[in-house]
Number of protein chains: 4
Amino acid sequence: MTKPDRRVQRTRELIQQALIALIRERGYDPITVQDIVDRANVGRTTFYLHYTSKDDLFLHCHDAILGQFQLSPHTHLAKAALVGPEPPEAMTRAFQHLVEARALLTPILQGKDSLIILRRIRDRSAEEIAAHLRNAYGEAESRIPLDLLASYLAGAQIALIQWWLEKRPPHSAEQLAQSFHRLQRAAIRDAFGLGELEAG
Amino acid sequence: MTKPDRRVQRTRELIQQALIALIRERGYDPITVQDIVDRANVGRTTFYLHYTSKDDLFLHCHDAILGQFQLSPHTHLAKAALVGPEPPEAMTRAFQHLVEARALLTPILQGKDSLIILRRIRDRSAEEIAAHLRNAYGEAESRIPLDLLASYLAGAQIALIQWWLEKRPPHSAEQLAQSFHRLQRAAIRDAFGLGELEAG
Amino acid sequence: MTKPDRRVQRTRELIQQALIALIRERGYDPITVQDIVDRANVGRTTFYLHYTSKDDLFLHCHDAILGQFQLSPHTHLAKAALVGPEPPEAMTRAFQHLVEARALLTPILQGKDSLIILRRIRDRSAEEIAAHLRNAYGEAESRIPLDLLASYLAGAQIALIQWWLEKRPPHSAEQLAQSFHRLQRAAIRDAFGLGELEAG
Amino acid sequence: MTKPDRRVQRTRELIQQALIALIRERGYDPITVQDIVDRANVGRTTFYLHYTSKDDLFLHCHDAILGQFQLSPHTHLAKAALVGPEPPEAMTRAFQHLVEARALLTPILQGKDSLIILRRIRDRSAEEIAAHLRNAYGEAESRIPLDLLASYLAGAQIALIQWWLEKRPPHSAEQLAQSFHRLQRAAIRDAFGLGELEAG
DNA sequence: TCCTAAGCGAGACGGTACGTCTTGTCTTCCA
DNA sequence: TGGAAGACAAGACGTACCGTCTCGCTTAGGA
């Protein structure tokens, strides 16, 4: 049996919070391990005792980061949500939330070192979408392989968010949500042959 | 006036070819400047005389790389191409070409350092798509902001290629082309309200 | 009053024996505190409870080590012993003993960290020699300051032993003893003006 | 052919001088490689380009250090020098020089890390003495193996210097020289059976 | 045809960060 | 309640690259 050892937990949190704080200040790439341990008031060795590298630490922070992307396929891809051209309220709120989280997200979306987590977000997102579609519509019904479709949707979603946060186009969160909703709906309808139920 | 000096040109080519060759062998990230100059039989100084960094050199190689992504919106998003559910032949060929170029592309798509060029490919792709749509359909006609739509399509395209080359799912190039074509068509039809012309 | 506490004694012995054993195996320098506590089946804290450092422990082991240098001035510098050119039997035995103790002594004589104990052996040896000479001949009789003479003899003795154990010249223990005896005798005779009693 | 490259020579001198200066200030042991490169205004890498460790550097400084021990067997063990009880003038001067060099020598004689160079001084000294004796008196003439005798004399000499510089006894340089001379003379006379030519 | 400036190979250099190692302290928990 | 277990802060270590720098050698292209 391993004892949880409250100290260990505390140390890890100190280190993770130090990283998050530093990312907000200067972005991810220029941060060094020394910066992190200085900020966390922790010995260099201790850092390597818990994480193998800065990237490894970063991956272990993904809960703090993934949580920012609050786009759950269960709500924004629910069958009911895809009927009309209006996006579910939750999606609009999610896009609004992204703006607020920009300080943390921008450095992550831009830094080259954070590519790993971006990839992970994308893959996890694709998996969730695929699972949801398989569940809600059934694999066999689709004219397009579900894994392909999921990858398409997940990639488009990430790209859209990246584009919006980086390029800062003048579109509002509502507009974003609506456009994204339309495009998703079109893709899924096409895949499952749901026809044009209304003009939109 | 600067004289072209054939030697300068030759040196740059040596360096670029050295990089391309090394990428094929081990991927992009682990390559060091020293590796490149050793391979190119060139002095370290000479390298920095022409390029400011490995990334800078990489960007100057982008012709050699961008050329591999032979997806031009002028052909695969042409109005005529979007009528039926069958992808234009050129698109199928482009996907087939990607498989052949896998040895070069995979390290680039995966390495974190190559994020820059990936971003550049994506942005340039988005610009081309936007220009094409503006030209072919007119900005005003769209229910979705054209820049947003272009970003969506470009992101989805890159993600799909990445997914296909990395995960190596069992779908053929033809299948890829067809699915991708359907999804693009659905998005554009939805944006421009072209209705369901046929069952597909 | 502190209780002797047999456990404390036991722990110290465990630690000391661990050190001695490790010295025999790999020499002194590369041993770490962690090595010692692992070998002794003792907690790190416990070690520092009894000794302040590896060197400190080493000094507390000196009985186990000093005992190997069985050269007592009371016997090998006794007035009677210095009459003839033949060394006292005890001295020959002492040199023979050194060969047997080589496994333990060599790492100590060579390791840089063991300089402390070597210095201590030398100083103690010099003190003993000085006390003996003062006692046997009287301070005033010497043409050479007794502390200087003692230091000279002690230094020469250590050096000879070091040289013999390290360089492994082909001379036998008997030869060593005889030569060393002659040289000591010559030094003391010169100091106290005892003339040439015989040809030797 | 290797070019000497004046820069390399300069760098090495900078580093060596930095070490010597630091030894004078704080002794040898507590100096770190970083201290040295800081003082020498040299990159850490550069240090390791020329020397493998602090000790290695130290050994390469031995000319600067060995020179302080100006006791050449050719003068202080010359046949002529051993006739009378008075030490050659050069020996007295050498001992006087040692006092002046105390600031540099004391840290070296005491620090545990400098054991290496001390050993080297001792060995080289022994070799020189052996060579001189072999040359001046002939190997066969000695009742004592010459290498043994040389080791004895060299060890005694180092020990005496160490004792004098460390313990700072009230004896003058002249006294030291005289005593040391007598003892050496006695040892060599005994070895080569030169009898007592005079009372001394 | 020479000669003179540029391009170049070679590699030393200062610098930054890395991941590892050992030390001595401090905490927790068990017997 | 003392000791084993081991987390921890501190900081030196030797390595890997970086981008800059001198140093001569080669090699045109204009005189």
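Lettering follows sequence order; numbering is per chain, from 1.
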Problem set entry | Residue whose closest nucleotide on DNA chain F lies nearer the 5' end, D:Ile31 versus A:Leu49 | A:Leu49

For this session: With DNA chain E as reference, determine whether A:Pro30 or D:Leu14 sits nearer its 5' end, using the nearest nucleotide of each.
Result: D:Leu14

Exercise. Using 4.0 Å as the upper bound for N to carboxylate O, is an ion pair formed by A:Arg39 and A:Glu25?
Worked result: yes

For this session: Could you grab the distance from atom CG of A:Leu19 to atom CD1 of A:Ile31, nearest 0.5 Å is fine?
Result: 5.5 Å

Exercise. What's the CD1-P distance between B:Ile36 and F:dG19, to the nearest Å?
Worked result: 11 Å

For this session: Using a heavy-atom cut-off of under 4.0 Å over every strand shown, decide if D:Val33 touches base, sugar-phosphate, or nothing.
Result: sugar-phosphate

For this session: Could you check how far CG of B:Leu57 sits from P of F:dC18, rounded to whole Å?
Result: 12 Å

Seminar exercise, completed: Closest heavy-atom pair, B:Tyr51 versus B:Asp56, reported as atoms and distance to 0.1 Å, is CA-OD2, 3.3 Å

Exercise. Which of the following nucleotides, F:dC13, E:dG11, F:dT27, is nearest to the side chain of D:Arg7?
Worked result: E:dG11

Exercise. Rounded to the nearest Å, what distance is computed from the CG atom of residue A:Asp35 to the C1' atom of nucleotide E:dC18?
Worked result: 13 Å

Exercise. Toward the 5' end of DNA chain E, which comes first, A:Lys54 or D:Gln34, by nearest nucleotide?
Worked result: D:Gln34

Exercise. Only one of A:Arg26, A:Arg44, A:Lys54 forms a salt bridge (charged side-chain N to carboxylate O under 4.0 Å, His left out) with A:Asp35, so which one is it?
Worked result: A:Arg26

For this session: Decide, yes or no, whether a salt bridge links D:Arg119 with C:Glu166 under the criterion of side-chain N to carboxylate O below 4.0 Å.
Result: yes

For this session: Please report, rounded to the nearest Å, how far the C1' atom of F:dC17 is from the CG atom of B:Asp29.
Result: 14 Å

Exercise. Is A:Thr11 near enough to F:dC8 that one of its side-chain N or O atoms lies under 4.0 angstrom from OP1 or OP2?
Worked result: yes

For this session: Give one of base, sugar-phosphate or nothing for C:His50, where a contact means two heavy atoms less than 4.0 Å apart.
Result: nothing

Problem set entry | Atom-pair distance (CD on A:Gln9; C1' on E:dT28), nearest Å | 16 Å

Seminar exercise, completed: What residues 38-48 of chain B contributes to the DNA chain F interface at heavy-atom separation below 4.0 Å is B:Arg44, B:Thr45, B:Tyr48

Seminar exercise, completed: A:Arg10 CZ to E:dT28 P, in whole Å, measures 11 Å

Exercise. So which heavy atom on B:Gly111 is nearest to which on A:Leu115, and how close?
Worked result: O-CD2, 3.5 Å

Exercise. Hey, does the side chain of B:Thr46 reach the backbone of B:Val42 with a donor-acceptor pair shorter than 3.5 angstrom?
Worked result: no

